[in-house]
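Data block below; observations after.
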Amino acid sequence: MQINMTVIIINIFAILGISFSFYKNKQKSLKALKVALKGTISMAPAIVIILVLVGLLMGFFKPELISKLLGNQSGIWGIAAASVAGAILMIPSLVAFPLTASLVNSGASISVAAAFITTLTMIGFVTLPMEIKELGKRLTLLRNGISFIIAIGIALIMGVLI
Amino acid sequence: MDKNLNNKQKQTGNNMSKNPKAGGQTKNKKQSIIVLVGIIIIAVVILALYPENRDASIQASYNLFMEFILILPAVMILMGLFSVWVSKEIVVKYLGHASGIKGLGLALFVGMMPTGPLYIAFPMASMLLKKGARVANIIIFLSAWACIKLPQELVELRFMGLKFMIIRLSFTIIMVVIMGLIIEKIENRLKPSLSSSVQEK
């Protein structure tokens, strides 16, 4: 449902934008379309890689399995495992929160849950090819690396506070 | 043969020049196609070994493919419009170095808006960087986009509770701002050395 909303809103924006742009200046609009096409082409290989990776991951790590694997883990190893799992998986947030809640229900600690949510949202192992393509290797690795450390930090703090 | 040689020259030439648009793309393209073929082969082998996971895998790929098809063209068109209509001056003014704490706030705020998945934000971020936005602001923008989304927080509230949500969010925001500033420091330290080595050559 969230995906549908995104699709509708972003396409309306794009159509309104390009129409208005053509109304204002045809030359500039054609140039904009050219930029769009070039961007799409240069992104294509990264997109295919992501599609294949996501297929494999989702095919093998179904939500029930994740919750079983991480559910009864706590302590530092639980946090580590949850951070890695969250970094690798790509799950829409609408699914992610119920999944995390079920982790807690099946015995995971709050720290494990926090680590999982934070790396899940902030780090995209699967979308790395795309991020590197757009932002370069150094920035991508820095962002994802530091986010990982932050996630563990937040998890530990939350374990103390809650 | 001839074509290969040409490509090679372009690559080495590009390693020295700082122009990212020149020939680096051919090198990157080659690399990503090699990676692509490798990953597809691995995927085929794995799915052949575990046929029971095949349906779920194909379904997941297909779902994401449909999502990409419906979202990415629009994103790319918006990027194109942005690149043509939004001037460098505007980006520098609102997100550049002089923008200060207001720029940080703006990056955070825009990132929090209810928009799509993170991969939409990458081309945006790269465009903003090229137009002169601060590195720190871009990192904050990306991180806010990733994990401080308003509609997403409603779901978090429902499933994880108010206390969990508030504590996690406030720490995340603080950490994200600090991370942005740290990454910017690292970038700035590395950049001068890079450009000076270019000048030497």
Side-chain angles (χ1 to χ4, degrees), chain A residues 2-3 6-7 10-11 13-14 17-18 21 28 31-36 39-40 42 45-49 51-56 58-60 62 93-94 97-98 100-101 110 113-114 117-118 121-122 124 127 129-131 133-135 138-139 142-143 146-147 150 153-154 157-158 161-162, chain B residues 25 29 32-33 35-36 39-40 43 46 53-54 56-58 60-61 64-65 67-68 70-81 83-85 115-116 118-119 122-123 125-126 129 139 142-143 146-147 149 151-152 155-156 159-160 163-164 167-168 171-172 175 179 182-183 186-187 190:
Chain A
Q2 190 198 26
I3 287 164
T6 308
V7 169
I10 204 153
N11 280 291
F13 263 118
I18 197 76
S21 174
K28 273 189 168 182
K31 210 176 151 197
L33 286 180
K34 225 180 183 175
V35 172
T40 313
S42 84
I47 289 173
V48 179
I49 291 174
L51 287 175
V52 175
L53 284 181
V54 166
L56 281 183
M58 300 298 273
F60 284 82
K62 302 191 179 86
S93 57
L94 277 180
F97 287 111
T100 314
I110 291 293
I117 289 184
T118 310
T121 46
M122 274 172 96
T127 48
M130 222 171 191
E131 192 173 351
K133 173 125 257 158
E134 295 291 339
L135 297 173
R138 187 170 59 215
L139 217 53
L142 277 175
R143 191 189 76 80
I146 297 181
S147 296
I150 287 180
I154 291 176
I157 292 170
M158 289 194 62
L161 284 181
I162 295 187
Chain B
Q25 280 185 349
K29 226 177 237 165
S32 51
I33 286 173
V35 173
L36 176 66
I39 284 180
I40 289 178
I46 290 180
N53 294 79
R54 204 181 290 154
S57 290
I58 291 172
S61 292
L64 190 65
F65 176 71
E67 190 187 314
F68 277 162
L70 291 172
I71 290 181
L72 280 179
V75 174
M76 285 313 187
I77 286 177
L78 288 172
M79 284 312 95
L81 289 174
S83 79
V84 172
W85 288 106
T115 35
L118 183 61
Y119 59 78
F122 296 143
S126 126
L129 271 181
I139 295 292
L142 279 177
S143 308
C147 64
K149 288 237 128 337
Q152 177 184 313
V155 188
E156 178 168 5
F159 282 97
M160 306 304 296
K163 198 174 167 195
F164 183 96
I167 296 180
R168 200 186 68 83
F171 276 110
T172 305
M175 296 292 211
M179 169 166 77
I182 290 176
I183 291 185
I186 298 175
E187 274 289 307
L190 289 174

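So that the names make sense, note that chain A is the first sequence line, chain B the second, and so on, each numbered from 1. These figures come from a predicted structure and were not determined experimentally.
If you measure heavy-atom distances from L33(A) to chain B, the contacts under 4.5 Å come from the side chain alone. Contacts of K62(A) with chain B are made by side-chain atoms alone, with heavy-atom separations under 4.5 Å and no backbone atom involved. With a 4.5 Å cut-off on non-hydrogen atoms, L118(B) touches chain A through its side chain but not through its backbone. Contact of A113(A) with chain B is made through backbone and side chain together, with heavy-atom distances under 4.5 Å. Contact of I139(B) with chain A is made through the side chain alone, with heavy-atom distances under 4.5 Å. Contacts between F65(B) and chain A at a heavy-atom distance below 4.5 Å involve backbone atoms as well as side-chain atoms. At a 4.5 Å heavy-atom cutoff, the contact between L129(B) and chain A is made by side-chain atoms alone. Residue I157(A) touches chain B through its side chain alone, counting heavy-atom pairs closer than 4.5 Å. Using a 4.5 Å cut-off between heavy atoms, I58(B) makes no contact with chain A at all. Interface residue M175(B): backbone and side-chain heavy atoms are both found under 4.5 Å from chain A.
The minimum heavy-atom distance between F159(B) and F97(A), with the atom names listed, is CB-O, 4.0 Å. For the residue pair F60(A) and I46(B), the shortest heavy atom distance occurs at CZ-CG2, 3.5 Å. Taking all atoms of both residues into account, the shortest heavy-atom contact from A36(A) to M76(B) is CB-O, 3.2 Å. Nearest approach of G59(A) to S57(B), heavy atoms of both residues: CA-OG, 3.3 Å.
The most heavy-atom pairs under 4.5 Å with chain B, out of L56(A), T127(A), V35(A), come from L56(A). With respect to chain B, the highest number of heavy-atom pairs below 4.5 Å among P45(A), P98(A), G153(A) belongs to P98(A). If you tally non-hydrogen atom pairs under 4.5 Å between each of A125(B), S61(B), A56(B) and chain A, the highest count goes to S61(B). For the set T100(A), V54(A), I162(A), the count of heavy-atom pairs under 4.5 angstrom toward chain B peaks at I162(A).
More than 12 heavy atoms of other shown residues, nucleotides or ligands fall within 6.0 angstrom of atom CZ in F68(B). Heavy atoms of other residues, nucleotides or ligands lying less than 6.0 angstrom from NZ of K31(A) number 12 at most.
Interatomic distance, L142(B) CG to L139(A) CG, rounded to the nearest 0.5 Å: 8.0 Å. The line from CD1 of I167(B) to CD1 of I110(A) is 9.5 Å long, rounded to the nearest 0.5 Å. To the nearest 0.5 Å, atoms CZ (F164(B)) and CD1 (I117(A)) are separated by 4.0 Å. With rounding to the nearest 0.5 Å, the separation of CE in M179(B) from CD1 in I146(A) is 6.5 Å. Separation of atoms CD1 (I39(B)) and CG (L51(A)) is listed at 11.0 Å; rounding is to 0.5 Å. A distance of 4.0 Å separates CD in E187(B) from CZ in R138(A), rounded to the nearest 0.5 Å.
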Working for side-chain contact (heavy atoms from CB on, under 4.5 Å), residues M58(A) and L64(B): CA-CA 11 Å; M58(A) 300 298 273; L64(B) 190 65; over 6 Å; no
T121(A) and T172(B): CA distance, side-chain angles, deciding distance, side-chain contact (heavy atoms from CB on, under 4.5 Å) verdict: CA-CA 11 Å; T121(A) 46; T172(B) 305; over 6 Å; no
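Scanning for side chain to side chain donor-acceptor pair (under 3.5 Å) contacts around S126(B) gives E134(A), with sequence neighbours left out.
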